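The shown structure was predicted, so the numbers you read here are calculated from the model rather than taken from an experiment. All ligand and atom numbering here is 1-based and tracks the order in the structure.
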Amino acid sequence: MADTEANEAVLEQAYALAKTYLRSLPARRVGATGSLDELRAGAAKALTEEGVDASEVIADLDELAQAGVIASAGPRYFGFVIGGSYPVALGADWLVSAWDQNPGIYATSPFAAVVEEAAARYVIELLRLPQQSTVGFTTGCQMANFTALAAARHKVLADAGWDVESEGLHGAPAVNVVMSAEAHVTIHTALRYLGLGVRHARQVATDAQGRMITAELQNTLQQCSGPTIVYAQAGNVNTGAFDPIDEIAALTHARGAWLHIDGAFGLWARASKQHAHLARGAEQADSWATDAHKWLNVPYDCGIVIVKHASAHRQTMAVRAAYLEHAAHAERDAFEYVPEFSRRGRSIPVYATLRHLGHRGVADLVERCCAHARQFAAVLALEPGIEILNDVVLNQVLVRFRDADAATREVITLVQRDGTCWLGGTTWHGKAAMRISVSNWSTTETDVRRSTEAIVAAHRSCR
Ligand SMILES: *Cc1c(COP(=O)(O)O)cnc(C)c1O
């Protein structure tokens with residue numbers, strides 16, 4: 001146990017393997033090479049009576065990873081919306097594991113508590129949200145959406161004279177949930193967790209880019225009486241389009257409703273002077289959800305929930321007597337802002353990354369990724385038979401081939417098989433499309449050029 005040298009040897013081995021992997025990222029094939037059966041067989045080693053030497057376990061894991069990882073942290077992965085890890089973020093994350101703090105309460109880690117407090121201030125400053133807002137660091141944007149909607153549920157029901165934390169929803173006034181027809185799927189999950197149900201949510205029609213139509217919202221709101229929560233989107237997961245947030249905020253607040261904004265990646269546009277106009281008015285919302293593990297490029301996992309009404313945030317999440325106003329004290333206990341009690345110090349890599357990048361660095365990251373997205377669209381549009389389906393306002397590009405679902409799906413398969421880059425498919429307004437998301441800090445113009453060449457070659461070889 002106390003054999004320091006043997007313990008450190010395992011860490012040295014892991015460090016060496018990590019360095020080799022990271023060096024391989026820019027050049028390695030993006031997709032996995034092992035089949036499901038091979039990978040399962042590699043993982044399903046018998047659990048032995050005596051255990052296995054630590055260095056052998058680490059070596060085996062690395063070997064399996066070589067066959068089964070997706071190089072999604074690398075520069076030519078454009079699938080879903082997935083970021084990589086800045087070196088400063090990864091280094092801080094390694095230390096988080098070494099320090100092994102429980103940042104849930106101040107008493108278990110004064111260090112993690114004050115770093116998290118500072119990280120929360122950085123986020124509010126960068127995204128230009130109201131100063132009094134409280135912040136929680138969740139596993140991802142799904143849980144950030146859940147937490148924000150829990151605070152919303154608390155406040156709209158409290159305004160109607162109902163204490164949902166103590167009474168639950170038994171006999172409660174009905175809560176109207178109004179959202180865009182293009183709402184991200186995780187909102188449905190959050191509504192399920194909150195007992196608000198999915199079926200009763202009112203869907204507001206969207207335009208060709210997936211933006212909520214405000215006249216439709218106005219009609220819907222006129223049909224809602226009583227407690228109401230409106231959900232808007234900063235960054236549609238397909239097109240990158242933004243709901244007209246300033247108009248939505250005016251309509252929502254005229255009704256005394258709560259406005260929540262899901263800006264998993266799009267909210268970061270506010271850090272760039274060039275793109276901030278897209279999320280104009282977002283500061284008028286009551287709550288926001290975003291991710292750090294997507295566009296900010298910290299390692300998984302880290303989402304961020306921000307709530308303008310501290311008391312609603314704390315009363316719905318605090319572990320101690322949720323129905324009481326929290327006793328004033330100087331220390332910040334992180335568990336008051338997230339669903340978890342014990343958890344990882346995931347705000348520490350956020351702190352490290354934001355301090356390292358500064359305002360200019362975050363703006364550069366956003367602007368560079370958006371410029372790469374425009375480069376993708378401009379180059380691909382030159383090829384006869386390739387069509388760009390969306391207005392490329394952010395980092396997302398939708399591409400269709402020969403105006404046919406079959407050809408589009410075939411090109412996606414061919415590109416994935418080629419391995420130069422990786423991107424996935426989606427369905428946009430009934431049509432199959434290839435979706436490109438540029439979210440990685442390390443992607444260069446050369447990566448985009450190599451990727452467009454691979455896509456065009458796949459298109460030309462498609463039947
Ligand atoms: C990715 C995403 C989510 C979910 O975030 P996770 O971090 O995967 O939980 C929610 N909303 C939008 C718009 C997203 O893009």
Side-chain angles (χ1 to χ4, degrees), residues 70 72-73 77-85 89 123 127 135-150 152 177 179-194 198 201 203 206 209-212 229-243 245 248 259-270 278-279 282 285 287-306 338-340 343-344 346-347 349-350 366 369-370 373 390 393-398 423-424 426 428 435-440:
I70 305 287
S72 55
Y77 184 87
F78 306 104
F80 305 93
V81 184
I82 286 194
S85 293
V123 169
L127 301 180
V135 179
F137 292 87
T138 57
T139 45
C141 197
Q142 165 154 314
M143 290 314 286
N145 277 327
F146 164 78
T147 305
L149 293 177
V177 177
M179 62 191 194
S180 137
E182 295 276 348
H184 193 266
V185 286
T186 53
I187 287 295
H188 298 253
T189 322
L191 294 177
R192 278 175 13 219
Y193 293 171
L194 288 163
V198 175
Q203 310 237 337
T206 53
Q209 297 298 318
R211 292 173 297 222
M212 206 193 275
I229 301 169
V230 176
Y231 157 94
Q233 202 161 231
N236 178 290
V237 77
N238 281 309
T239 62
F242 289 66
D243 285 340
I245 296 171
I248 293 172
L259 176 59
H260 171 64
I261 295 179
D262 177 358
F265 55 98
L267 210 53
W268 294 94
R270 288 174 68 81
L278 294 166
S287 60
W288 305 262
T290 189
D291 261 324
H293 59 213
K294 285 180 177 168
W295 219 350
L296 189 60
N297 281 261
V298 306
Y300 285 97
D301 48 23
C302 188
I304 306 174
V305 56
I306 307 155
V338 291
E340 296 89 359
R343 45 173 272 261
R344 178 174 180 76
R346 62 172 64 88
S347 55
V350 173
V366 168
C369 289
C370 294
N390 64 320
V393 294
L394 203 68
N395 62 330
Q396 306 287 111
V397 187
L398 292 178
L423 16 74
T426 187
W428 177 245
R435 185 172 61 164
I436 303 173
S437 174
V438 190
S439 315
N440 191 295

Under the side chain to side chain donor-acceptor pair (under 3.5 Å) criterion, do Y77 and N440 qualify, and how do the steps go?
CA-CA 8 Å; Y77 184 87; N440 191 295; over 6 Å; no
Check the pair T290, W268 against side chain to side chain donor-acceptor pair (under 3.5 Å), reporting the backbone distance first and the verdict last.
CA-CA 8 Å; T290 189; W268 294 94; 3.0 Å; yes
Please evaluate residues F78 and Q396 with respect to the criterion side chain to side chain contact (heavy atoms under 4.5 Å, CB included), reporting the C-alpha separation (whole Å), side-chain torsions for both, the decisive distance (0.1 Å), and the verdict.
CA-CA 9 Å; F78 306 104; Q396 306 287 111; over 6 Å; no
Which atoms of ligand 1 have any heavy atom of Q142 under 4.0 Å away?
4 (C), 5 (O), 6 (P), 9 (O)
Closest protein heavy atom (residue, atom, distance) for atom 15 (O) of ligand 1:
K294 NZ, 2.9 Å
Against Y231, only a single residue in I248, I187, L191, D243 fulfils side-chain contact (heavy atoms from CB on, under 4.5 Å); can you say which?
I187
Under 4.0 angstrom from ligand 1, any heavy atom of M143?
no
For F80, does the CZ atom sit with more than 12 other heavy atoms under 6.0 Å from it, leaving out its own atoms?
no
With heavy atoms of D291 as the reference, note each atom of ligand 1 found under 4.0 Å away.
5 (O), 6 (P), 7 (O)
Sub-4.5 Å side-chain heavy-atom contact between I306 and S287
no
Residue, atom name and distance, where the atom is the protein heavy atom closest to atom 13 (C) of ligand 1:
D262 OD2, 3.5 Å
Distance under 4.0 Å to a non-hydrogen atom of V237: what atoms of ligand 1 satisfy this?
15 (O)
Nearest protein heavy atom to atom 6 (P) of ligand 1, by residue and atom, and its distance?
C141 N, 3.3 Å
Taking only heavy atoms of G140 into account, list the atoms of ligand 1 that are under 4.0 Å away from them.
7 (O), 9 (O)
For F265, counting its heavy atoms only, list the atoms of ligand 1 lying under 4.0 Å from any of them.
15 (O)
Hey, does N145 come in under 3.5 Å of ligand 1, counting only N/O atoms on both sides?
no
With heavy-atom distances below 4.5 Å as the criterion, would you say the side chains of K294 and S439 are in contact?
no
